[in-house]
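Contents: one structure, followed by commentary.
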2 protein chains.
Amino acid sequence: MTSTRAVTTVLANERRRLARLGTADRVSEILREQIAAGLFPPGTRLSEESIGEALGVSRNTLRESFRLLGHEKLVVHELNRGVFVRVLTAEDVADLFLLRQIIESSALEIAGRAGPLELGPVFAAVEQAEAAAGEGRWDEVATLDLQFHQEIVALAHSPRLDELMHRLLAELRLAFHVMHGSQQFHEPYLMRNRKIVTLLKRKKLDQAARELHAYLDDAQRELLSAFRAEQDQPSKGHVVSDR
Amino acid sequence: MTSTRAVTTVLANERRRLARLGTADRVSEILREQIAAGLFPPGTRLSEESIGEALGVSRNTLRESFRLLGHEKLVVHELNRGVFVRVLTAEDVADLFLLRQIIESSALEIAGRAGPLELGPVFAAVEQAEAAAGEGRWDEVATLDLQFHQEIVALAHSPRLDELMHRLLAELRLAFHVMHGSQQFHEPYLMRNRKIVTLLKRKKLDQAARELHAYLDDAQRELLSAFRAEQDQPSKGHVVSDR
DNA sequence: CTGTATCGTTTTGTTGAACAATTCTCCAAG
DNA sequence: CTTGGAGAATTGTTCAACAAAACGATACAG
């Protein structure tokens with residue numbers, strides 16, 4: 001019953017694991033992580049010389065990494081001036097949430113049409129987030145809140161939708177970093193995640209979708225107001241020279 | 001009436017025109033065009049040496065270009081083997097159409113909620129396409145058909161949605177190239193574009209959305225069957241060594 | 001005090017060469 | 001027809017060099 005095509009497909013998927021990553025890819029992974037972690041706050045200039053020396057890679061290789069990050073919109077490349085960690089505008093945040101509304105609601109709809117939901121990973125994200133919140137590990141709470149939504153999208157089984165969501169969330173992380181004390185921003189939303197997954201379990205798709213929509217609306221509103229406040233009146237020395 | 005914010009926004013948009021492009025960006029533009037035009041059919045290996053020499057750029061610069069194209073999924077980078085023009089699978093095509101359904105229908109809905117539609121560019125795309133079809137310029141017909149859908153998405157005024165659509169269509173072009181005689185594939189759909197824009201003009205948003213949905217369904221079906229046929233039985237010597 | 005012209009410094013943009021590592025090609029042996 | 005292997009070709013990565021642009025500070029003119 002194992003068709004030739006099935007074998008080919010499976011092996012083709014395994015292939016990418018076999019193919020090791022080049023230096024440029026690994027460097028961009030590191031930088032991606034460190035940008036997300038806040039080591040390089042938005043506005044920071046990423047010097048080719050200093051970072052290249054720190055990581056022990058040549059400027060040419062580092063430049064390839066920068067191209068990748070630039071295409072992901074995590075950094076902005078300005079000719080003859082260098083690459084800077086992206087500084088999101090309020091318009092960016094609004095646009096990101098617009099896309100999230102589209103993607104997450106569409107994913108739910110598609111998943112519902114397709115068949116029974118595989119809610120394991122969704123549940124796992126909620127429960128790990130609740131556990132982390134109980135112990136005050138707020139940065140993990142933030143990560144797991146985002147992962148919950150990533151898993152929602154994963155229900156649709158679309159590779160491109162998954163990747164798109166992943167990039168949107170990476171970009172959105174930049175917004176959290178410009179706000180101080182953003183870690184606990186996510187905590188109140190855990191209850192709502194729990195509610196959504198419960199509704200999904202009971203196959204109340206429409207209700208879950210409405211709940212999700214309201215979640216995103218509220219989160220956007222709250223984030224945007226905090227975001228604008230922080231922008232008008234930068235609180236601390238967090239802001240690095242962007243000129 | 002000209003708010004400070006409006007001025008800032010306009011200037012920010014102009015800024016990118018002021019910032020000239022680097023060599024790597026210009027090279028990737030050229031390669032993008034030539035891939036879309038069919039000079040490099042899917043499966044073709046893009047040799048660093050030959051292309052670098054032909055364009056008069058160094059290997060290092062060319063590599064930066066390849067990274068950009070790879071991130072756009074127009075080429076696939078395999079370690080120690082080089083970059084190849086992407087060969088889409090049937091699953092890829094299906095996934096691309098899934099995304100198109102989501103994006104185009106969402107765009108229509110958002111545009112309808114937002115306010116009066118600016119249908120100028122949409123009309124223009126339809127009319128230019130009809131003119132091109134009348135004179136048998138089929139490659140232009142194909143381009144303008146895709147542009148019509150791009151303009152539909154533009155009605156939503158979302159930068160990220162625009163860019164996403166643009167990349168999806170660039171990727172989808174790869175599918176047309178593996179089918180021979182794909183130029184006239186688009187011609188029957190011009191009537192449907194005309195119908196959609198007419199419905200939009202009359203503010204029959206729901207009806208237009210249904211029409212658009214049916215368009216995409218039919219196009220996907222037709223493309224996929226032609227696509228699978230061509231894959232199973234490659235017609236000519238078009239297929240270049242992909243090993 | 002404000003603006004601007006200028007010059008030296010720093011950083012990026014791009015190239016060319018070099019070498020290691022991997023893959024490809026082709027041919028011979030089993 | 002498959003397996004092995006030697007040599008050729010290509011990619012991966014670094015390094016050094018130089019042109020070009022941006023930055024910074026200082027001096028000068030109004």
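Quick note on labels: first sequence line is chain A, next is B, and so on, each numbered from 1.
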**Message:** Closest approach to the side chain of B/N60, judged atom by atom: which nucleotide of C/dT12, C/dT14, D/dT14 is it?
**Reply:** D/dT14
**Asked** Can you check whether A/F176 and A/H186 have ring centres sitting under 6.0 Å from each other?
**Response** yes
**Complete:** Winner on side-chain proximity to A/S47, out of C/dT12, C/dT14, C/dT22, is C/dT12
**Item:** Side-chain donor/acceptor of A/D95 to backbone N/O of B/S158, under 3.5 Å
**Value:** no
**Item:** Spacing of CG belonging to B/L55 relative to CG belonging to B/L62, to within rounding of 0.5 Å
**Value:** 7.0 Å
**Request:** Using a heavy-atom cut-off of under 4.0 Å over every strand shown, decide if B/G56 touches base, sugar-phosphate, or nothing.
**Result:** sugar-phosphate
**Request:** Identify, between B/E49 and B/R67, the residue whose nearest nucleotide on DNA chain D lies closer to the 5' end.
**Result:** B/E49
**Prompt:** Is there a donor-acceptor contact under 3.5 Å from the side chain of A/R160 to the main chain of B/L99?
**Reply:** no
**Asked** Is the distance from OP1 or OP2 of C/dT12 to the nearest side-chain N or O of A/R45 less than 4.0 Å?
**Response** yes
**Prompt:** Quick one: B/L46 CG to D/dA9 P, roughly how many Å, whole number?
**Reply:** 21 Å
**Asked** Can you check the A/R26 CZ to D/dT13 C1' distance for me, whole Å?
**Response** 11 Å
**Prompt:** For D/dT13, does OP1 or OP2 lie under 4.0 Å from any side-chain N or O of A/T23?
**Reply:** yes
**Message:** Among C/dT12, D/dT11, D/dT14, which nucleotide has an atom closest to any side-chain atom of A/E48?
**Reply:** C/dT12
